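What you see is a predicted model, and the numbers here were worked out from it, not measured in a lab. Below, all heavy atoms of this structure are taken into account, side chains as well, without hydrogens, waters or symmetry copies.
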Amino acid sequence: QVQLVESGGGLVQAGGSLRLSCAASGSIFNINTMGWHRQAPGKQRELVAFITSGGSINYADSVKGRFTISRDNAKNTVHLQMTSLKPEDTAVYYCHTFARTVVGGVWTNFWGQGTQVTVSS
């Protein structure tokens, strides 16, 4: 099994910064993609950013220019540096990976428990 543990969430004023981190552990053979989704109260979960093992990156339009995703493949970690935060960024942020645990095994989606990010006006 794969476990994802997030850290770095909290309360910050508008215009401030936070750095989220996620570490994957457990039985891992391959991790293809790691990234972040978020879900605000009453809204659907949305993709924030993801990065592949080869370094290809995608961002949601709403965070381009403000958020930066990075990855350490050797440590199976992913980070999200968030700057110029806005109240609309308030949400629970979930770490995600698409991975398989054994050679030739099925690819599976794994999710962290989420970390709260609250941006005050």
Student: So, Arg71 side chain and Thr52 main chain: donor-acceptor pair closer than 3.5 Å or not?
Tutor: yes

Student: Is there a side chain to side chain donor-acceptor pair (under 3.5 Å) between Thr83 and Gln81? Walk through the geometry before answering.
Tutor: CA-CA 7 Å; Thr83 62; Gln81 180 67 48; over 6 Å; no

Student: Would the distance check show the side chain of Asn73 and the main-chain N or O of Ser53 forming a donor-acceptor pair, the cut-off being under 3.5 Å?
Tutor: yes

Student: To the nearest 0.5 Å, how far apart are CZ in Phe50 and CD1 in Ile69?
Tutor: 9.0 Å

Student: Which is it for Val12 and Ser17 under the side chain to side chain contact (heavy atoms under 4.5 Å, CB included) test, yes or no, and what are the steps along the way?
Tutor: CA-CA 7 Å; Val12 65; Ser17 300; over 6 Å; no

Student: Between Ser21 and His79, is there a side-chain donor-acceptor contact under 3.5 Å, judged purely by atom types and distance?
Tutor: yes

Student: Could you tell me whether a side-chain N or O of Thr97 sits under 3.5 Å from a main-chain N or O of Thr33, the two making a donor and an acceptor?
Tutor: yes

Student: Between Glu6 (side chain only) and Gln113 (backbone N and O only), is there a donor and an acceptor less than 3.5 Å apart?
Tutor: yes

Student: Do the ring planes of His37 and His96 sit parallel (below 30°), tilted (30 to 60°) or perpendicular (above 60°)?
Tutor: perpendicular

Student: Is a side-chain donor-acceptor pair under 3.5 Å present for Glu88 with Thr90?
Tutor: no

Student: Say you draw a straight line from CD1 of Ile57 to CD1 of Ile51; how long is it, rounded to the nearest 0.5 Å?
Tutor: 4.0 Å

Student: Nearest 0.5 Å, please: how far is OG in Ser27 from CD in Gln3?
Tutor: 7.5 Å

Student: Between Asp61 and Lys64, is there a salt bridge with N-O shorter than 4.0 Å?
Tutor: yes

Student: Measuring centre to centre across the rings, with the benzene-like ring taken for any Trp, is Trp36 within less than 6.0 Å of Tyr93?
Tutor: no

Student: Go through the steps for Leu18 and Phe67 under the test side chain to side chain contact (heavy atoms under 4.5 Å, CB included), then give the verdict.
Tutor: CA-CA 10 Å; Leu18 285 173; Phe67 292 9; over 6 Å; no

Student: Has Arg38 got its NZ or CZ under 6.0 Å from the middle of the six-membered ring of Tyr94, at an angle within 45 degrees of the ring axis?
Tutor: no

Student: Run the side chain to side chain contact (heavy atoms under 4.5 Å, CB included) check on Thr118 and Gln116 step by step: do they pass?
Tutor: CA-CA 6 Å; Thr118 302; Gln116 177 70 47; 3.3 Å; yes

